[in-house]
Number of protein chains: 2
Amino acid sequence: MSKSSISNSVIRRLPRYYRFLGELENNGYVRISSRELSEKMGLTASQIRQDFNCFGEFGQQGYGYNVSDLRIEIGKILGLDKQTPMILLGAGNLGKAIAAHIDFRNKGFDLIGAFDVNEGIIGKEIGDLKVRGIDELSTFCAENKPVAAILCVPMGAAEKLANTLIECGVKAFWNFTHYDLKVTHKGVAVENVHLGDSLTTLSYCLNNLNNSEK
Amino acid sequence: MSKSSISNSVIRRLPRYYRFLGELENNGYVRISSRELSEKMGLTASQIRQDFNCFGEFGQQGYGYNVSDLRIEIGKILGLDKQTPMILLGAGNLGKAIAAHIDFRNKGFDLIGAFDVNEGIIGKEIGDLKVRGIDELSTFCAENKPVAAILCVPMGAAEKLANTLIECGVKAFWNFTHYDLKVTHKGVAVENVHLGDSLTTLSYCLNNLNNSEK
DNA sequence: ATCAGTTTGTCAAGAATTAAACAAAGTATT
DNA sequence: AATACTTTGTTTAATTCTTGACAAACTGAT
């Protein structure tokens, strides 16, 4: 209720801070200054101090920041102390790979179900989950109350499915479809991934390498 | 040599413009105004006009933009008229899924090889490619001159592998590892994806939904 | 051909983001 | 305990990005 209006730029940097602090901790760092962190991360020390100050005063003059404490604080800000129940929609190549590849527990989520329409996929195992038919979706949601969903379905199915899920109480979408999911409903969070756009951007950068020098 | 210093914000929007223009064309649109496009994309018309103007004058007063022509122009800007040879490093779950899921040809690339260290994976098929052992990498590069690489290897292997590939002539990296690949070498393009950070951001947004209203 | 309406390209104002600067408050060593 | 050094939190300045405004130029209908 307190910390409204954190800028999007700051939010986008938070996961990276969290990641670097974890690595520092693993490498035995107990404390770190904004200057040293800025060198490791390729940012300015000023920006780091200002980012952290959006959420409170975590450092100490003359000392710097306690790595472990700061990491825990940022983890709380990111909601990583929670375990939001999440389901996967679309258990094809990509959905399966994401379910297997991501460490959900350390990202604030708990993957509790997977669904597909393809008869050839239904019943198969993904990790310790069995893929369910999409017809079981509403019953499952009523019983297990998932709050987040991964969308790995074809573009055409995305919008309708998202609306169904919202009716079932889903409040967060991690969207890998080619459909730009809009945040029309209030109180719903959307993260559009768009791997294709990412690769397209790389194409631009590659083809304009020589021009980029000022 | 002409169009230096296009801002990163503009570049990040280009793939989305290209995508939307493709959909418009498929839906039979011949022309579109910045105002109408802005409504569809959720941007301001002013921003769209200024973005396009970074690259030339593609519109016509009183008429708008020709959808097909504009799409082709943006495609050229993005380098999508090329077919840059690309290889995949790490053909596990994620690598396989990406290779299968992405339409490389329409993103300016051509996937010509896949490599792994795991004996259980070497020799398997990914699409029409056979996974090669990593020991074949330098020979393959010498013969086939790949210019881009997808990194889907464990974090610990990323940096060393990237340096090897740069020596082999690779100039663009699509990096899915947890390692933040830095662009130290001049003339090398890097696109770090970091799916974990994306999910972490979603966790933040979900846990701060109520606070985000001003 | 003229005229009302539309839409671009561009300039200038406004916001937002990033960087620099520095006093205040700590640390560490003598 | 005193002094030199370090580093934060915060203010101020610079830069970048976005939006608003409007003349110039075109369309399309009369």
Side-chain angles (χ1 to χ4, degrees), chain A residues 2-17 20-21 24 29-71 73-74 77 201 204 212-214, chain B residues 2-17 20-21 24 29-71 73-74 77 201 204 212-214:
Chain A
S2 55
K3 55 201 168 183
S4 70
S5 72
I6 303 296
S7 94
N8 206 53
S9 315
V10 175
I11 295 170
R12 290 276 150 197
R13 283 190 291 268
L14 289 180
R16 192 151 172 266
Y17 288 132
F20 270 77
L21 288 168
L24 287 170
Y29 282 73
V30 172
R31 72 186 229 186
I32 193 153
S33 69
S34 58
R35 185 190 46 73
E36 195 177 356
L37 187 57
S38 75
E39 285 162 10
K40 288 187 187 298
M41 295 189 65
L43 304 171
T44 65
S46 181
Q47 178 162 70
I48 290 174
R49 290 202 298 278
Q50 252 189 2
D51 283 355
F52 292 170
N53 254 88
C54 294
F55 303 99
E57 307 186 3
F58 301 130
Q60 194 165 48
Q61 276 123 326
Y63 178 90
Y65 300 88
N66 178 294
V67 173
S68 172
D69 291 353
L70 180 58
R71 180 162 180 271
E73 286 302 324
I74 294 180
I77 291 161
T201 304
Y204 176 89
S212 66
E213 307 301 315
K214 67 163 176 297
Chain B
S2 55
K3 54 197 166 184
S4 70
S5 71
I6 302 294
S7 95
N8 207 53
S9 316
V10 175
I11 295 169
R12 291 275 153 196
R13 283 191 290 268
L14 289 180
R16 192 150 172 267
Y17 288 133
F20 269 78
L21 289 167
L24 287 170
Y29 281 73
V30 173
R31 73 187 228 187
I32 193 154
S33 69
S34 58
R35 185 189 46 73
E36 196 177 356
L37 187 57
S38 74
E39 285 161 11
K40 288 187 190 297
M41 295 188 66
L43 304 170
T44 65
S46 182
Q47 178 164 70
I48 290 175
R49 290 203 297 276
Q50 247 186 6
D51 283 354
F52 292 169
N53 254 87
C54 294
F55 303 99
E57 307 186 3
F58 301 130
Q60 195 166 46
Q61 276 121 324
Y63 178 88
Y65 300 88
N66 178 293
V67 173
S68 172
D69 290 355
L70 179 58
R71 180 162 180 272
E73 286 302 324
I74 294 180
I77 291 161
T201 303
Y204 176 88
S212 64
E213 308 299 315
K214 67 158 172 300

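For the numbers below, each heavy atom of this structure counts, side chains included, while hydrogens, waters and symmetry mates do not. Letters go in sequence order (proteins before strands), and every chain restarts at 1.
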Open item on the list: By nearest heavy atom, map B:F52 and A:R49 onto DNA chain C; which one lands nearer the 5' end?
Closed with: B:F52

TODO: Over all heavy atoms of both residues, which pair between A:I32 and A:L24 is shortest? Give the atoms and the distance, please.
DONE: CD1-CD1, 3.5 Å

Open item on the list: Nearest whole Å is fine: how far is C:dA24 P from A:E57 CD?
Closed with: 15 Å

Open item on the list: Using a 4.0 Å heavy-atom cut-off to protein, can you give one letter per nucleotide of nucleotides 11-19 of chain C, 5' to 3': B if the base is in contact, S if only the sugar-phosphate is, - if neither?
Closed with: BB----SBB

Task: Nucleic acid contacts of residues 61-68 of chain B, taken as heavy-atom distances under 4.0 Å to DNA chain C - done: B:Q61, B:G62, B:Y63, B:G64, B:Y65

TODO: Can you tell me the distance, in whole Å, between the CZ atom of B:R35 and the P atom of C:dG9?
DONE: 16 Å

TODO: For B:N66, enumerate each residue passing the side-chain hydrogen bond (donor to acceptor under 3.5 Å, both in side chains) test, keeping only those at least two apart in sequence or located in another chain.
DONE: none

Task: Within-4.5 Å side-chain heavy-atom neighbours: B:V67 and B:F20 - done: no

Task: Heavy-atom closest pair, residues B:I11 and B:I6 - done: CD1-O, 3.7 Å

TODO: Validate the cation-pi geometry between A:R31 and A:Y63: distance from NZ or CZ to the six-membered ring centre under 6.0 Å, angle to the ring axis within 45°.
DONE: yes

- [ ] May I ask you to test the A:Y65-A:R49 pair for a side-chain heavy-atom distance under 4.5 Å?
- [x] yes

Could you pull out all donor-acceptor pairs under 3.5 Å where a side-chain atom in residues 35-45 of chain A meets a protein atom, sequence neighbours excluded?
from	atom 1	to	atom 2	distance (Å)
A:R35	NH1	A:E39	OE2	3.3
A:S38	OG	A:S34	O	3.4
A:S38	OG	A:R35	O	2.5
A:K40	NZ	A:Y29	OH	3.1
A:T44	OG1	A:Q47	N	3.1

TODO: Not counting sequence neighbours, which residues clear side chain to side chain contact (heavy atoms under 4.5 Å, CB included) with A:E73? List them please.
DONE: A:F58, A:K76

Open item on the list: For a 4.5 angstrom cut-off between non-hydrogen side-chain atoms, does B:I77 reach B:F52?
Closed with: no

TODO: State the OH-OG1 distance between A:Y204 and A:T201, to the nearest 0.5 angstrom.
DONE: 10.5 Å

Open item on the list: For C:dT6 and B:R31 - does any side-chain N or O of the residue sit under 4.0 Å from the phosphate oxygens OP1/OP2?
Closed with: no

- [ ] Using chain A heavy atoms and a threshold of under 4.0 Å, write down where along DNA chain D the contacts begin and end, 5' to 3'.
- [x] D:dT6 to D:dT11

